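Each remark here refers to the structure printed beneath this line.
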Amino acid sequence: MLTADQKKELEATIQQFVGKPIGPAATSRDAVNEAMILQWCDAMGDTNPVYQDRAVAEKSVHGGIVAPPMMLDAWTMQGWDMHKGYDEPTNEEQRLHKILTDAGYTGVLGTNTEQEFDRYLRIGDEVTAETIIEGISEEKATGAGIGYFITTKTTFSDAAGAQVGWMNFRVLKFIPKEAPQAASDSGGGAAEAYVPARIKPPMGHDNAWWWNEVAAGRITVQRCKGCQQLRHPPRPMCPGCRSMEWDSIEISGRGTLHTFTVIHYPQFPGYEFPICAALVDLEEGVRMVSDVMDCKPEDLKIGMKLKAYIHEDDDGFKLPLFRPSE
Amino acid sequence: MTNGLGNRAAIVGIGATEFSKASGRSELRLAVEATRAAIDDAGLTPREIDGMVTFTMDSNEEIAVARGLGIPRLTHFSRVHYGGGAACGTVVQAAMAVATGVCEAVVCYRAFNERSGRRFGAGRQGPGADAACAQPTDWNAPFGFVTPAAWVAMFARRYMHETGATSEDFGRVAIADRRHAASNPAAWFFERPITLEEHQRSRWIVEPLHLLDCCQESDGAVALVVTSAERARDLPHPPALLKAAAQGSWLDQEMMTSYYREEIGGLPEMGLVGDQLWQMSGLTPADIQTAVIYDHFTPFVLTQLEELGFCPRGEARHFIADGNIEIGGALPINTHGGQLGEAYIHGMNGIAEAVRQVRGAAVNQIDGVEHVLVTAGTGVPTSGLIVGQA
C-alpha cells in the first residue's frame, strides 16, 4: 500500500502522460487486403458478402470488396512483438503501464472501446494510426481492485492524410484483490455454473404468510378484523384500532401507477436491467411496491393502468409483478 | 411546546481526517484520528471527555475509541439510528447529556471506509448476497429495488409530477455544491466545478436521477466535541452555541421508503424537525444566513427547503433559480461543497462546516453569519440543528 505522499507523487507522474502521443504515427504493415479480411470474418463469424464475395460486392453500393469497419484497428496492430514492450517499454503507453505496474498496480483489464468510422476501407488502402493518451481517471475502487482507468484515443487516416475513423480504448490498471477461492469441483467434472438468483425477502412471523399466499397463487392484502382497514406491507397491529386480529383479502390486481423509477445502475447480479420499479395504487386503496414488466421505460406514465400477475423464477420463487393493462 | 435544550450546549471542537476514495487504513484508525483532532481543537485533553455518541451504523465501538485515546471514564455512551438521519441526532444526545450534567464533554464521531469498504449504494455486493442496504423486514429487495438512489428516485418522480420541477432544477443543487467545493481544498471535487450541461449529459443512475444528482462515496471521519454553554466560554474557539437541536420521525415512517403515506411529495419528519428548531430558537428562516442542507441526492434538497419554511410548498424550484443557493445568493447552502462536493461523511462534515461558519473560519466564509441551520439525512427519521454566535 502506498502512503498518501507516495500516491500523490505517483498521480503527479502519471498525469504528465495525459495529452501525449504514445510515439510516432504507425502505418499498417500490409495495405488493406482480402486475405486478412477473410481471416477476420472467419474469426468473427461475419458472413456479409460485401466483405468476401467479389461478385456480390461489385454489384453493391460499394462497387467492390470493402473491409469490415470494426476491423479498423486490426490494420495497424503491432503484432506479437508488442508484448515485449510491457517489460521494456518502447512507447509512452507502455512506459505509463510500467510505472503503475512497479507501484503495485499489476493488473490490467480492457474495459471498453468506442469507435467511429468516416468511411469504408477498400482494398489497397494504407492506414496510419496516431495514438494519444487521452485521460487517466482519479483512483477508482472497482470489483477487480483499486486502480486507474487509462483512455487512449487513436485516429486513423489514409495515405492522403484524410481521417477514416477513430477509436477510444480504455483499460483499468489495478491492484488485484485477492483471488476468490475456485468453485468446488463436483466429482472430477466441470464446476457447476453459478446462476445468481433474485434476492429473497426475509420471512418472519409477520410477513411470511403473504409470500406463502403468493406462492399459492394469490396476491393478498392484510385486513384488520377490528375495523376492516386494509394495510400493506403486513404488520402485527392495526394502527387505526390497535387490534391484532386480522385476515386478508385477495386483490383484483387492478391498479394505477403512483410513481416509478427506471433503475440502470448499479447492475448487481440476479436481475435484468433496466428495472422499472413502481409504486402502485391498488384499486382497493393501498399501495404496493413492484416492478412493471412488458413496458418500455419511456412508456411509463404516472396514472397509467396496471394489472398484477404472479411471476415464477427459474428457481421456483414467485412474486407479484405488474404490466400495463391498456 | 417548551424545550429546555436551546442555548444550553455548544460545539467547541471539530476534527476530521482527509476525505478520500481509499483511506488505506482501518475505520477505527480514522475514528481515533478525527476524535483526537476534535479534542485538540477544543483545547481539551482526552481525560476530560466523559461521553461518546455515534451512529448505530458506525463500526467503531465507543470503548474501542476510548481505549485508543486513553479516555479513562465514560458516563454516557449512546447511538443514534437511521443512517445519515443520525448526524445532528448525535449532537442532540450530546447536548442533552451536558445540559443535564450527566457529562462534562461529549465527543460525537462518524468514521467509515464507505468507498473502499462496504458501499451503501452497491445494491448487492457479490452474487448470492443479500441487498447491501437490507432492512430486517425488507419488502423491496425481491423487486431489485434496493439502493438508496432508487428509493429517492421514486419520491423524486412524484415530486416532479406534483410541482413541475425538472431534472434541471435538481441539477442546480449539484452545481451550487460543486461550485462551493471548487474553492475548498479539503473537498474531493476541489477545483472541479460542473455546468448544467454536464449534469444533464451525465448518465442515468436511476431515472430521474443522473449520476451528478447522486452524492459521491467517501472514506473518512469527522468528530465534534460538545460541552455546556458555560464551559464553552473558557475554551479557545468562539463556541458554536446550539440555539436549537431536534430529532423527528413521522406517521408511517420507514427507512427511505415511506411510500404508504397519503402524500409522498414531502418529508414530514423534516417538517417536524424544522418546527422544533424554530420553536426552540425563537428564530425564523429570515434569521439564517447560510444552511447546510443534507444532499445525498439532489431532489430532497428542494423538499427540505419547503419543509423548513425557506419557501412555500412546491416552489423550491423557483427559490433555487438564478443561483440563490450559491454564495452571493439569498441563502447560500453547503458552502463546503456538501456531500456532493466535499465528501460523504454521513452529514457530520456539514455540521463541522456550520461550526466554521459561526467561527468565521470557513474557506467560503459568508459575511455576517449569526445563525446556521444544519439538517441530517433525508427520507429517514432525521434531525437538525441551529448553531449560532454565543
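Letters A, B, ... mirror the listed sequences (proteins, then strands); counts begin at 1. These figures come from a predicted structure and were not determined experimentally.
Summarising the geometry, atom CG belonging to B/L209 is positioned 10.5 Å from atom NE2 belonging to A/H264; distances are rounded to the nearest 0.5 Å. If you take CD1 on A/I263 and CD1 on B/I205, they are separated by 11.5 Å, rounding to the nearest 0.5 Å. In this structure, OG in B/S116 is found 9.5 Å from CD in A/E139, a value given to the nearest 0.5 Å.
Side-chain contact between A/P233 and B/E254 is present, with at least one heavy-atom pair separated by less than 4.5 Å. Contact annotation: the side chain of A/H258 never approaches that of B/Y259 to less than 4.5 Å [non-hydrogen atoms, C-beta and beyond].
Taking all atoms of both residues into account, the shortest heavy-atom contact from A/Y265 to B/V206 is O-CG1, 4.0 Å. In terms of heavy atoms, A/P266 sits closest to B/A122 at CG-O, 3.4 Å.
The most heavy-atom pairs under 4.5 Å with chain A, out of B/R203, B/R115, B/R157, come from B/R157. Of the listed residues (B/G144, B/A153, B/A156), the one with the most heavy-atom contacts under 4.5 Å to chain A is B/G144.
Using a cut-off of 4.0 Å between Lys/Arg side-chain N and Asp/Glu carboxylate O, B/E262 and A/R287 are scored as not salt-bridged. Under 4.0 Å is where a charged nitrogen must lie from a carboxylate oxygen, and between A/R235 and B/D252 at least one such pair does.
Every pair passing ring pair (Phe, Tyr, Trp, His ring centres under 6.0 Å) that includes a residue from residues 198-218 of chain A is listed here, sequence neighbours excluded: A/W209-A/W246, A/W210-A/H232, A/W210-B/W139, A/W211-A/F317, A/W211-B/W139. Evaluation of the salt bridge (charged side-chain N to carboxylate O under 4.0 Å, His left out) test over residues 254-263 of chain A, restricted to residues two or more places apart or in two chains, returns A/R254-A/E283.
Residue A/E272 qualifies as open at atom CD: its count of foreign heavy atoms under 6.0 Å is 12 or below. Within 6.0 Å of atom NZ in A/K307, more than 12 heavy atoms from other residues, nucleotides or ligands are found, so the atom counts as buried in its surroundings. Few gaps surround CD on B/Q200; more than 12 heavy atoms of other groups in view lie less than 6.0 Å from it. Summarising the local packing, CZ of A/F174 is surrounded by more than 12 heavy atoms from other residues, nucleotides or ligands at distances under 6.0 Å.
In this structure, the portions of A/L279 lying under 4.5 Å from any heavy atom of chain B include both its backbone and its side chain. For A/Q267, no part lies near chain B; criterion is any non-hydrogen pair under 4.5 Å. Contact annotation for B/R261: only backbone heavy atoms (N, CA, C, O) come within less than 4.5 Å of a heavy atom of chain A.
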Derivation and outcome, side chain to side chain contact (heavy atoms under 4.5 Å, CB included), residues A/R231 and B/Y260: CA-CA 9 Å; A/R231 59 183 195 258; B/Y260 308 98; over 6 Å; no

Start with the C-alpha distance between B/R158 and A/I302, add both sets of side-chain angles, then the distance that settles side chain to side chain contact (heavy atoms under 4.5 Å, CB included), and finish with yes or no. CA-CA 8 Å; B/R158 186 72 197 181; A/I302 288 178; 3.5 Å; yes

B/V146 vs A/F268, side chain to side chain contact (heavy atoms under 4.5 Å, CB included): CA-CA, chis, key distance, verdict: CA-CA 10 Å; B/V146 294; A/F268 38 86; 3.5 Å; yes

Begin with the C-alpha distance, continue with both residues' side-chain angles, and end with the deciding distance and a verdict on side chain to side chain contact (heavy atoms under 4.5 Å, CB included) for A/V289 and B/T257. CA-CA 10 Å; A/V289 164; B/T257 56; over 6 Å; no

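The backbone N or O of B/F145 lies less than 3.5 Å from no partner atom in the side chain of A/Y271, so there is not a single donor-acceptor pair. A/T261 places a side-chain N or O within donor-acceptor distance of the main-chain N or O of B/E207, the cut-off being under 3.5 Å. In terms of modelled atom types and a separation under 3.5 Å, the side chain of A/R198 and the main chain of B/P142 share a donor-acceptor contact.
Within residues 309-316 of chain A, no residue has a heavy atom under 4.5 Å from a heavy atom of chain B.
The side chain to side chain contact (heavy atoms under 4.5 Å, CB included) with B/F143 is formed by just one residue from the set A/P320, A/C276, A/P201; it is A/P320.
B/Y344 pairs by the ring pair (Phe, Tyr, Trp, His ring centres under 6.0 Å) definition with B/F112, B/H346, not counting sequence neighbours.
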